[in-house]
Amino acid sequence: MHLRLWAATSAPLFAVHLQPHLTLTPFQVSLECPVAARSPHRDGGRGIRLMNQTARTPQPGAAGQPGMHEAARRDKLRKLVELGYDPWGGRFDNHQPIGQIRQREGEIQRVPAGDVSGQEIEQGPRVRAAGRIFLQRKAGKLVFLDLRDWTGRIQVLIGRRQVGEEYWALAECFDLGDIVGVEGELKHTNTGELTIFAERLVFLTKSLWPHPDKHHGLTDPELRQRLRYLDLLYTEGVWERFRRRTQIVHSIRQTMARNGFVEVEGPTLHAIAGGAAARPFVTHLNALDIDLYLRIALELHLKRLLVGGIERVYELGRVYRNEGISPRHNPEFTMLEAYQAYGDYHTMMDLTEELVCAALEATGQGRQVTWGGAVLDFTPPFARRSYDELFAEHTGVRPDDEHGVRACAERLGLETAGKHTDVIKSEVFEELVEPRLAGPVFVLDYPASICPLTKRKRGRPEVAERFELFVQGMEIANAYTELNDPDLQEELFRTQLAGLKEEDSMARMDHDFVRALRYGMPPAGGLGIGIDRLVMLLTGAQSIREVILFPLLRPE
RNA sequence: GAGGCUGUAGCUCAGUAGGUAGAGCAACGGACUUUUAAUCCGUAGGUCGAGGGUUCGAGUCCCUCCAGCCUCACCA
C-alpha cells in the first residue's frame, strides 16, 4: 500500500502518513494538490463528503462519547474547509518556542505615537508561534487566546479590525484544544500582559473532541493514565516530571560514559529467563516453534560480555516480570545494570553514589529532596550498615541464633516449615528491617544462600559480597561482587532449581551461561538500579504509575 | 487472591429520609475592541459503570458483575 502510493504520486510526504486500512478522504487527497484545494468548487464537494464522515460513529472511549460537542466541532471543521483552510495543517517553519518569545519582552520599546497627542505607544518584535488553544476569552470583536506549547503559555490578541475579515472568519472556527499558528507583534495589553497582537493566523490542527475542564483538568486516576496525553496537557507538573525522568536517564548515560562504560543492547527474548527470581512472561516464536520468555533481568548476557572482554559494560532497558501490580511495581520497568571488570561491590557503591548525585544535579536539585513529607539527604557517602548488624538492631535477635530467628518469624506469622534459616532470616528482614530503612543506606553482606550469583566473602563462605541500597523502605539498587567460579555457579543454580515449586518449573539451568564462565570471567563488580523507583524518589512521586508514561492497565 | 473506597452531563463535582436528576466550566444562540478561570442574557445536553432484585416508586436499599484507587497477600 505504502509503496504503491509512493510510486503513484510525486508527493510521498503525504502518502506515508496514510494508514493502509483507511480509505482516502477527499481532504487527504487534496493535500497532494494544495493549490487546487483553494478552489471553491472543490471545497463544496468536500463539504458534502465530510458530512458523511460525521455520520461515522465515534469510537467509544473511557471519556465517553462527546456526542453533540463533536458535532459542533465538525461543523467548524466543515466551515474551515469551505473557507479553504486545511483543518489538519502542515509544515509550519520559523516559529519560536513560546518560552523564547517571552524572553524577548525586553525588546519592546516605547516610541512617540506620531500624532498630535504626544503620547507614546509600544513597538515590539514580530514573533511567530505555534501551539494549542487552552483558553478563549471573547469580547465582542476581540478574542484573547491562551496559547501553549511545551515551553510555556502566552496570550494572543485577535482583533477583527486588526486582522481583517478573512482571518476573523478563521478565528471564529477556533475551539479549545485546536492547534494554531500566529504571527504578530509582541507587545503589552492595557493591563500589562505580554501578548502577541495577531496579524496572521495559520490553522494547524482541529480537535474534534472536547478537552477537559480548563481549570480542573483530569482528576480521575484511571482517566489520567488511559488518556495520558490529556494528563500531560492539563495536569500540573506531569510534563515536568516526565521531563525530569528523561534528564535523569540522560544523566545516567553521561555518568556511565564518563566512567568508561559501554552501552549495549542485549536480547529481550530469552530461551531461559534468568538473572533474577521472578516469573517471566511467556511468548511463542513461530519460526522455530519454541516458547520464549521476556527477560526478567539483564545480568546473564552482560556477564557473557565480560567474558568477551568488554570490561565496562551496561544496559539501560526494559525488563518484564509477570507478577503483582502495586504502587511500587509495574509489569514492565526500566533497569540499569552495569558490570565492571576488576571491581567489586565497593566499586559499585561509589558508582551508585556518583550516579544518584549526578542525576540530582541534572534535575537542578540539591543533595536534599523531600519525598512524602520526609527529607532525604543524598550527600555522599551514604550510610553503610551490615545486614547482620541491622538485623540484630531491629529484631533484637542475634542473626546466628537459629532458634531465635525461627521464633521471631513465627511471632510475625511467617511460614517457617521446611525453609532454610537464611530464607527465614531474609523474610524477617523484609518484614521488620526494610520498611524502617529511611536511608539512603547501603545494606552490606547478605546471607550467601539467598545470593546465587554472588561471590562469597573470602574466608567467610556463609556471607555474600552484596549490597542493596534502601531509601524510604524501597529497594533502589542491588549489587554484587560477581560470582565467577563456574563450578560453584552451576551448583548454586542446581540448588536453586531444586527448591522451586511446580509453577516455577519454567526455570531451567542456564548451561550456556555456565559454559561462558568456564572460559573465564574476570573478577567484577555488578550493579542493578531500578530506574523507575529512583525517578520516584527524585521527583517526589508516590506511585510508580506517576513516572511511567503508559503504566499497564486492564484493557477497556 | 482478600478487604475497604470510588464510578452521576464532554470535564470537575453536588444529590437531602427511597418520591419529577442539579451546579460550575465546556457547548449552542445573542450583547460587548484590552480580557485574565472575562462578564451578562438565553438554549440544549443524562441508559446515574452494567445487569438483576426489593418497593406503588431506586442515583439512593440488597445481590452479581465490570473498571479504578488504597491496604494486605504474592513477589530471593
Side-chain angles (χ1 to χ4, degrees), chain A residues 58 60-73 75-76 134-146 153-163 168 175-177 187-195 197 207-227 230 234-235 275-279 296-297 321-329 331 413-415 419-420 422-427 429-430 446-454 464 466 468 475 478 492 495-496 499-501 503-504 507 542-543 545 551 553-556:
Chain A
Q65 298 187 20
M68 66 168 185
H69 297 90
E70 179 175 357
R73 283 161 181 261
D75 281 345
K76 290 184 189 165
F134 273 72
L135 254 62
Q136 249 191 127
R137 293 179 290 279
K138 298 185 181 180
K141 313 247 171 334
L142 279 186
V143 180
F144 295 90
L145 304 181
D146 271 20
R153 75 159 273 283
I154 195 159
Q155 176 168 273
V156 175
L157 172 58
I158 304 170
R160 183 167 185 171
R161 204 169 57 225
Q162 290 83 343
V163 299
W168 185 253
D175 281 307
L176 294 184
K187 289 192 296 191
H188 295 102
T189 55
N190 289 352
T191 49
E193 171 142 5
L194 189 63
T195 299
F197 284 68
S207 170
L208 290 178
W209 275 17
H211 284 231
D213 185 283
K214 61 191 175 190
H215 189 56
H216 299 97
L218 295 176
T219 60
D220 180 348
E222 181 179 356
L223 279 187
R224 285 190 50 216
Q225 290 159 42
R226 288 197 195 278
L227 311 181
L230 294 183
Y234 290 94
T235 311
R279 201 168 299 179
I296 56 173
R321 295 188 181 177
N322 202 344
E323 292 180 0
I325 299 174
S326 83
R328 289 175 170 70
H329 300 82
L414 298 171
E415 187 61 50
K419 286 183 182 168
H420 189 285
D422 283 348
V423 174
I424 297 169
K425 210 197 283 183
S426 158
E427 287 174 3
F429 192 89
E430 282 172 28
Y446 280 66
S449 53
I450 59 168
C451 308
L453 296 160
T454 312
R466 169 185 184 182
E468 291 191 319
E475 179 194 334
N478 184 10
L492 293 177
T495 315
Q496 189 190 12
L500 286 178
K501 285 175 281 201
E503 69 255 33
D504 295 322
Q542 300 292 304
S543 166
R545 286 183 286 264
L553 289 177
R554 201 178 288 269
E556 291 175 67

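Because the structure is a prediction, the values reported are computed rather than measured. Lettering follows sequence order; numbering is per chain, from 1.
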Taking a pair as Watson-Crick or G-U wobble with both distances under 3.5 Å, which nucleotide is matched to [N]?
N	answer
U71(B)	A2(B)
A38(B)	none
G7(B)	C66(B)
U60(B)	none
A27(B)	U43(B)
U54(B)	none

Applying side-chain hydrogen bond (donor to acceptor under 3.5 Å, both in side chains), name anything that partners [X], two or more places apart in sequence or on another chain.
X	value
E427(A)	K419(A)
H216(A)	D213(A)
Q155(A)	R137(A), T195(A)
S543(A)	none

Heavy-atom donor-acceptor pair, T189(A) side-chain to U35(B) base, under 3.5 Å: yes
I want to confirm an ordering. Mapping G159(A) and I325(A) to their closest nucleotides on RNA chain B, which one lands closer to the 5' end?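 The 5'-side residue here is G159(A).
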With nearest nucleotide decided by heavy atoms, which residue, E323(A) or R161(A), maps closer to the 5′ end of RNA chain B?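 The residue mapped nearer the 5' terminus is R161(A).
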Does [N] have its OP1 or OP2 closer than 4.0 Å to a side-chain nitrogen or oxygen of [X]?
X	N	answer
R137(A)	U34(B)	no
R545(A)	C70(B)	yes
T219(A)	C13(B)	yes
Q162(A)	U34(B)	no

Mind checking what makes ring pair (Phe, Tyr, Trp, His ring centres under 6.0 Å) contact with F144(A), not counting sequence neighbours?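 Listed in chain order: nothing, the list is empty.
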Are there any protein N/O atoms within less than 3.5 Å of an N/O atom in nucleotides 24-29 of chain B, and if so, which ones and at what distance?
{"residue": "G24(B)", "atom": "N2", "partner": "D213(A)", "partner atom": "OD2", "Å": "3.0"}
{"residue": "C25(B)", "atom": "O3'", "partner": "K214(A)", "partner atom": "NZ", "Å": "3.0"}
{"residue": "A26(B)", "atom": "OP1", "partner": "K214(A)", "partner atom": "NZ", "Å": "2.6"}
{"residue": "A26(B)", "atom": "N3", "partner": "H69(A)", "partner atom": "NE2", "Å": "3.3"}
{"residue": "C28(B)", "atom": "OP1", "partner": "K76(A)", "partner atom": "NZ", "Å": "2.7"}

Atom-pair distance (CG on L227(A); P on G68(B)), nearest Å: 14 Å
Take the protein atom CD of E193(A) and the nucleotide atom P of U35(B), then report the distance between them rounded to whole Å.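 The distance from CD of E193(A) to P of U35(B) comes to 11 Å, rounded to the nearest Å.
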Are any protein N/O atoms closer than 3.5 Å to N/O atoms in nucleotides 40-43 of chain B? If there are, list each pair with its distance.
none

Who passes salt bridge (charged side-chain N to carboxylate O under 4.0 Å, His left out) against [X], sequence neighbours left out?
X	answer
R73(A)	none
E193(A)	R153(A)
D422(A)	K425(A)
R545(A)	none

Please classify the nucleic acid contact of [X] as base, sugar-phosphate, or nothing, using heavy-atom distances under 4.0 Å.
X	value
D146(A)	nothing
E430(A)	sugar-phosphate
P452(A)	base

Out of curiosity, W209(A) CH2 to E70(A) CD, how far, rounded to the nearest 0.5 Å?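 Reported value, rounded in 0.5 Å steps: 6.5 Å.
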With the side chain of P212(A) defined as its heavy atoms from C-beta on, choose the nearest nucleotide among C11(B), A38(B), U33(B).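 For the P212(A) side chain, the nearest candidate turns out to be C11(B).
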When you get a sec, tell me which of A38(B), U35(B), C70(B) is the closest nucleotide to the side chain of T195(A)? U35(B)
Do any N or O atoms from the side chain of E323(A) and from the backbone of R279(A) form a donor-acceptor pair under 3.5 angstrom?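 Yes; at least one donor-acceptor contact below 3.5 Å.
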Between F134(A) and Y234(A), how do the two ring planes meet: parallel, tilted or perpendicular, split at 30° and 60°? tilted
Pairs: protein N or O with nucleotides 64-67 of chain B N or O, under 3.5 Å:
{"residue": "A67(B)", "atom": "OP1", "partner": "R554(A)", "partner atom": "NE", "Å": "3.0"}
{"residue": "A67(B)", "atom": "OP1", "partner": "R554(A)", "partner atom": "NH1", "Å": "3.3"}
{"residue": "A67(B)", "atom": "O2'", "partner": "E222(A)", "partner atom": "OE1", "Å": "2.9"}
{"residue": "A67(B)", "atom": "O2'", "partner": "E222(A)", "partner atom": "OE2", "Å": "2.5"}

